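Working notes for the structure below.
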Amino acid sequence: MSGVTAPRGDRGAARVPVRRLTVLYDAECSLCAFVRDWLVRQPQLVPLELVPAASEAARARFPGLDHGATLEEVTVVGDAGQVYRGAAAWIVTLWALREHRPLAHRLSTPAGARLARGAVLAAAKWRGSTTGWGGGVYHRGDGWTYDPRDGWSYAPPNCAAGTCTTP
C-alpha cells in the first residue's frame, strides 16, 4: 500500500497485528470534523482513537512525526509503529470498520488505490475551496498559518507578554 512508512525495526511491526489505530485529523477543518464524528459512530473491528493533528497530545504521543504535514495530509498511526498517509491512511481506517472492511480490501488493489487517491484529492480540493475565510490567509492560535499561495507555515507565538509556557 503506497503512503505507508516502514515500521520501526525494533518492534518487529511487520509480524505484529494492528490492535489500535490513531487517526490524526485537522480539528479546524469542518470536513475533517464531520469525518471524525462519522468514524466514532461506526462499529469498529480495530479501535480508532481520534486525536487532533499537531495538538499537544499528538506531539507528545508521536514526537518523531512531522506534525505540520499531519495538518495537510490525513495521517494514521498503528500501535506497532506503522505510519499511513493520504490514501493509505483512508484505506487502513476503513479496514478498521466492521461495515467497511470489504471496501478497504477492494481499495487496497492497484485499481482501488487509484480510486482512493482520487477521493483523497477530491476531499483536499473541496477542503481548500470551502475554508470559510474567503481565500485569504488563515491564522491558528497555535502559531500555524495557511496562505493559499504558500501552504502551511509555522511561527511560534509571540511570548513577549509572558503568556507562553516553556518546555
Side-chain angles (χ1 to χ4, degrees), residues 1-5 7 18 20-44 46-97 99-100 103-104 107-108 113-158 163-165 167:
M1 193 181 307
S2 66
V4 179
T5 301
V18 176
R20 175 173 293 281
L21 293 168
T22 302
V23 178
L24 301 173
Y25 69 95
D26 183 353
E28 302 293 324
C29 163
S30 62
L31 175 61
C32 304
F34 174 82
V35 172
R36 177 207 57 216
D37 293 345
W38 178 80
L39 286 170
V40 298
R41 292 190 310 266
Q42 301 305 305
Q44 300 171 3
V46 175
L48 296 175
E49 184 173 2
L50 292 108
V51 175
S55 66
E56 290 301 318
R59 290 176 191 280
R61 183 178 282 170
F62 309 113
L65 279 181
D66 176 353
H67 291 279
T70 66
L71 286 168
E72 298 208 16
E73 185 173 38
V74 62
T75 304
V76 176
V77 182
D79 61 334
Q82 310 92 327
V83 177
Y84 304 89
R85 298 188 195 298
W90 287 111
I91 293 169
V92 76
T93 300
L94 290 172
W95 174 83
L97 304 176
E99 295 174 14
H100 299 284
L103 174 60
L107 292 175
S108 69
R114 285 191 298 276
L115 178 64
R117 178 157 169 67
V120 168
L121 291 173
K125 185 172 182 168
W126 181 88
R127 181 179 173 207
S129 69
T130 60
T131 54
W133 74 87
V137 176
Y138 171 67
H139 299 277
R140 289 176 40 139
D142 62 359
W144 285 98
T145 302
Y146 180 78
D147 184 322
R149 293 168 301 187
D150 303 320
W152 284 99
S153 61
Y154 180 74
N158 183 350
T163 58
C164 296
T165 60

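Counting from 1, the numbers follow the sequence of the chain as shown. Please read these numbers as outputs of a predicted model, since none were measured by experiment.
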Query raised in the report: How would you list, by chain and number, every residue that makes a salt bridge (Lys or Arg N to Asp or Glu O under 4.0 Å) with Arg114, sequence neighbours excluded?
Result: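 In terms of salt bridge (Lys or Arg N to Asp or Glu O under 4.0 Å), with neighbours along the sequence ignored, Arg114 is linked to no residue.
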Query - Glu99: partners by salt bridge (Lys or Arg N to Asp or Glu O under 4.0 Å), with sequence neighbours left out - result: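 Checked Glu99 against salt bridge (Lys or Arg N to Asp or Glu O under 4.0 Å); zero matches.
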**Report entry** Nearest-0.5 Å distance that lies between atom CZ in Phe62 and atom CG in Leu24
**Finding:** 6.0 Å
Query raised in the report: Say you draw a straight line from CD of Gln44 to CD of Glu49; how long is it, rounded to the nearest 0.5 Å?
Result: 10.5 Å
Query - Donor-acceptor contact below 3.5 Å, side chain Thr75 vs main chain Glu73 - result: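 Yes, because the side chain of Thr75 sits within donor-acceptor range (under 3.5 Å) of the backbone of Glu73.
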Query raised in the report: Can you check whether Glu56's main-chain N or O pairs, donor with acceptor, with His67's side chain at less than 3.5 Å?
Result: no
Test side chain to side chain contact (heavy atoms under 4.5 Å, CB included) applied to [X] - qualifying residues, sequence neighbours left out:
X: Val18; value: Leu21, Val46, Asp79, Gln82, Tyr84, Trp95
X: Ala57; value: Val51, Ser55
X: Leu103; value: Leu94, Arg106, Leu107

Atom of [X], atom of [Y] and distance for their closest heavy-atom approach:
X: Ala89; Y: Val74; value: CB-O, 3.7 Å
X: Pro52; Y: Ala27; value: CB-CB, 4.0 Å
X: Cys32; Y: Asp26; value: CB-O, 3.3 Å

Scan the side chains in residues 35-43 for donor-acceptor partners under 3.5 Å anywhere in the protein, sequence neighbours excluded, and list what turns up.
from  : atom 1 : to    : atom 2 : distance (Å)
Arg36 : NH1    : Tyr25 : OH     : 3.2
Arg41 : NH1    : Asp37 : O      : 3.2
Gln42 : NE2    : Trp38 : O      : 3.3

Requested in this report: Start with the C-alpha distance between Val76 and Leu48, add both sets of side-chain angles, then the distance that settles side-chain contact (heavy atoms from CB on, under 4.5 Å), and finish with yes or no.
Outcome: CA-CA 9 Å; Val76 176; Leu48 296 175; 5.8 Å; no
